[in-house]
Amino acid sequence: MRINQKIKTDVLVVGSGLAGIKVAKELADQGHEVLMATKMKLASGSSFYPLKASLGTQVTKDGSDKPVFMADIETASRGMHRQDLAEIYVEEIAERVQEYGDIGVISKKLEGERKACFAEHPRDIYLLSNWDGIRENVTEIFGGYEKLNVMERTIVISLIQQEERVVGALLLDRDNEVIVVECKAVVLATGGFGSLYKHNLNPNDVDGSGHVLALEAGAGLVNMEFIQFIPGITTPRYKTLFGEHTLMYCRDIVKDSGESLLDPVLPEGLSRKECLEIRSGHGPFTDSLESKWVDIAMMKEIIRTRSEQGFELLYDPELYENDEEFYTVYLNWLEQNGIHLVEDEVRIAPFAHASNGGVYIDPYGRSGVPGLYAIGELSCNIEGANRLGGNSTGACMVFGKRAAADCSRYMQEVEPYEIGLEIAELQLDRLFNKKGNCTHAEAVHEAVDKVREILWYAGNVVRSEQQLLAAIEEINTLENGLDLACFFKQQATRKLAIKAKNFLKLSQLLLQAMLERKESRGAHYREDHPQEKPEFAKRLFIKETKPGTLSFEFLNQ
């Protein structure tokens, strides 16, 4: 394949969610030439998922709250967080939320204090909403910078390294033409990997591409088995984010037969009312609380029946008498989208939502590979086995600013590297290691859909060795039946080839990580190892030791 176009810039920012927007503007303010590549349009990804009412940011109240906030993070983490990153967040978040307006984000501080998801203590919460308004603001702000350019409908397919540092990247533009970008640094802000699952609460572009880019460039991944699964609405509007706080007014969750889903599974001494009240205090599933039986019961019934239509919620009408802002914002938004929790038949099921793990970074978002930064949900940030609600958006701001500051210093120390087209073309040829009979588009689409189906059933809330091993074997078989190298040569289907490559690689990695952790801890539940075990009180690190070969190692770091 020939490459006919080269672009030169100071820094390439990949992804246009909150983290990407923050770091791009910070770098542009410091006078650097910035190129942003985004799979969809400006202001996209999970930050701007349309079927949710709002996002929150949890903020340190004052000096006395700092140790309390840290204790909340540590309790939720189950020992799987990184202490220095958490301390930085607690110290700096109060200043960073004041900068939302600078990047066009519409935010509002909730009246009073509130406990965020998994938090044991209340504090200030800022709500972000109005995605279309934010997108308009960001577009206007970015338009004011002569040296800040955005390439929409563009994906990064590989990072180029020379002299033991990242010096550029290979892109596929909106026309599926391959472009070489020469740059001094790359900031990955591509988000999580929720769309690898059949049922997820993410846009389709949240597909784990950044994890593969970082891994193949030599960066490490950590905590990948800790994935947030959160109830989502299946009926009357599929993939709508469910407000778990409304479970305080839920009388029961029932099967199609009308029988209670919970009564047969609850342990002695835990009532249905108590279980639902605990479950109303957190969005994602966790093995750490007795409310876990809600999610486990749903998923086991789905696996048993292979029915994915969800379970009906029976609400007390008093729900709509609660005039607290946290309730009214959500309930009013639901009504605007044609959903009434009391009057309609409303069903929920577990959906893949967010990743607590990701690229291993230091306090400046550095990946350990010179010239490569990772921020936002892509990075393994302050989260552990669970993540406090409202910390993910805040981390985009805190570490977006810190990464920009360090990246600016780094770029002043290095010279641009002239990438010869022959080097770029050689790297392009190495993207796929199998060449043979061409794969048809239908087979590739089927493989992608099959990966999503396999992960949904084997790597969801309920996991076991038997399920995981069978799933890994099934995906290996899928991979062996495809020749994506030949498929990639067809210009119209190049992005699909890259997506299939990433799905196959990342799904195997995720399943293996779940297999390695033979215990239950936080977001990770093994039905065959239901207890948290002291010998697994370490974080699981993943590296690519050579192309196609991964290492998994539990480390205290």
Side-chain angles (χ1 to χ4, degrees), residues 51-54 115 117-118 199-201 228-287 289-353 389 460-462 525:
L51 293 179
K52 63 171 173 256
S54 59
K115 288 183 181 179
C117 175
F118 292 130
H199 301 292
N200 66 81
L201 292 173
Q228 289 187 338
F229 290 91
I230 191 167
I233 294 175
T234 60
T235 299
R237 187 169 183 181
Y238 176 66
K239 282 190 70 163
T240 300
L241 191 69
F242 173 69
E244 73 282 347
H245 51 299
T246 64
L247 289 175
M248 184 66 75
Y249 294 88
C250 183
R251 298 196 305 269
D252 202 359
I253 304 175
V254 298
K255 306 176 188 178
D256 287 344
S257 62
E259 296 174 281
S260 173
L261 178 74
L262 296 179
D263 287 351
V265 303
L266 294 180
E268 187 176 349
L270 179 67
S271 71
R272 182 203 308 163
K273 185 176 187 295
E274 289 170 331
C275 184
L276 288 170
E277 285 185 0
I278 298 169
R279 192 63 187 82
S280 73
H282 60 94
F285 163 79
T286 178
D287 175 67
L289 298 172
E290 286 295 275
S291 52
K292 65 185 179 182
W293 299 110
V294 173
D295 308 76
I296 292 171
M298 285 194 288
M299 200 62 225
K300 290 191 74 168
E301 184 70 7
I302 289 169
I303 293 171
R304 185 184 71 82
T305 63
R306 307 299 280 193
S307 172
E308 302 167 18
Q309 62 183 354
F311 305 92
E312 187 177 358
L313 299 166
L314 304 181
Y315 276 104
D316 189 318
E318 289 183 4
L319 167 63
Y320 281 84
E321 296 174 14
N322 190 324
D323 58 2
E324 186 181 344
E325 186 178 18
F326 199 65
Y327 280 87
T328 58
V329 166
Y330 179 65
L331 294 176
N332 290 341
W333 175 80
L334 281 184
E335 289 201 63
Q336 291 167 13
N337 285 275
I339 302 172
H340 193 286
L341 294 180
V342 173
E343 296 174 359
D344 297 327
E345 178 186 325
V346 177
R347 291 173 175 263
I348 62 171
F351 282 68
H353 180 53
N460 203 296
V461 170
V462 178
Y525 173 71

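If you read the sequence from its start, that first residue is 1, and numbering goes on from there.
The CD1 atom of Ile253 sits 12.5 Å away from atom CD of Glu301, with the distance rounded to the nearest 0.5 Å. If you take CD on Gln309 and OG1 on Thr235, they are separated by 7.0 Å, rounding to the nearest 0.5 Å. Between the CG atom of Asp252 and the OH atom of Tyr315 there is a distance of 12.0 Å, given to the nearest 0.5 Å. If you take CD on Glu312 and CG on Asp256, they are separated by 9.0 Å, rounding to the nearest 0.5 Å. Note that NZ of Lys300 and CG of Asn460 are 13.5 Å apart. Values are rounded to the nearest 0.5 Å. Here the CZ-OG distance, from Arg272 to Ser260, works out to 4.5 Å after rounding to the nearest 0.5 Å.
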- Task: Could you walk me through whether Ile233 and Leu334 pass the side-chain contact (heavy atoms from CB on, under 4.5 Å) test, one step at a time?
- Result: CA-CA 11 Å; Ile233 294 175; Leu334 281 184; 4.3 Å; yes
- Verdict with supporting geometry, Phe311 and Met298, side-chain contact (heavy atoms from CB on, under 4.5 Å): CA-CA 8 Å; Phe311 305 92; Met298 285 194 288; 3.5 Å; yes
- Query: What do the steps show when you test Trp333 against Ile339 for side-chain contact (heavy atoms from CB on, under 4.5 Å), and what is the final call?
  - Reply: CA-CA 9 Å; Trp333 175 80; Ile339 302 172; over 6 Å; no
- Apply the test side-chain contact (heavy atoms from CB on, under 4.5 Å) to residues Leu276 and Met248: give CA-CA distance (whole Å), side-chain angles for both, the deciding distance (0.1 Å), then the verdict. CA-CA 6 Å; Leu276 288 170; Met248 184 66 75; over 6 Å; no
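Residues Leu201 and Thr240 have side chains not in contact (no heavy-atom distance under 4.5 Å, counting atoms from C-beta outward). Counting only heavy atoms from C-beta outward, the side chains of Phe285 and Ile296 approach each other to under 4.5 Å. In this structure the side chain of Pro231 never reaches within 4.5 angstrom of the side chain of Glu244, judged on heavy atoms. Under the 4.5 Å side-chain criterion, counting only non-hydrogen atoms from C-beta, Leu289 is in contact with Thr286. You'll find the side chain of His199 reaches within 4.5 Å of the side chain of Phe351, heavy atoms only. Put simply, the side chain of Ile348 does not reach to within 4.5 Å of the side chain of Thr234, judged on heavy atoms. Between Val254 and Glu259, every side-chain heavy-atom pair lies at or beyond the 4.5 Å cut-off. Side-chain contact between Arg237 and Asn337: present, with at least one pair of heavy atoms (C-beta onward) separated by less than 4.5 Å.
Judged purely by distance below 3.5 Å, without hydrogens or angles, the side chains of Tyr525 and Asp295 never pair a donor atom with an acceptor atom.
The two residues Gly338 and Pro236 have their closest heavy-atom pair at O-CG, 4.3 Å. Between Ile230 and Gly283, the closest heavy-atom pair is CG1-O, 3.3 Å. Of all heavy-atom pairs spanning Val346 and His340, the tightest one is CG2-O, 3.8 Å. Contact between Val342 and Pro317 at its shortest, heavy atoms only, is CG2-CA, 4.0 Å.
Qualifying side-chain contact (heavy atoms from CB on, under 4.5 Å) partners for Val265, counting only residues two or more places apart in sequence or in other chains: Trp293, Ala297. In this structure His282 satisfies the ring-ring contact (aromatic ring centres under 6.0 Å, His included) test together with Phe118, sequence neighbours excluded. Residues forming a side-chain hydrogen bond (donor to acceptor under 3.5 Å, both in side chains) with Ser271 (at least two apart in sequence, or on another chain): Glu274.
At distances below 3.5 Å, at least one donor-acceptor pair connects side-chain atoms of Tyr320 with backbone N or O atoms of Leu341. Without hydrogens or angle criteria, Arg279 side chain to Val294 main chain gives no donor-acceptor distance under 3.5 Å.
The aromatic ring centroids of Phe326 and His245 lie less than 6.0 Å from each other. Ring centroids of Tyr330 and Phe242 are separated by 6.0 Å or more, keeping the two rings apart.
Between Asp287 and Lys292 there is a salt bridge, with a side-chain nitrogen of the basic residue lying less than 4.0 Å from a carboxylate oxygen of the acidic one.
More than 12 heavy atoms of other shown residues, nucleotides or ligands fall within 6.0 angstrom of atom NZ in Lys239.
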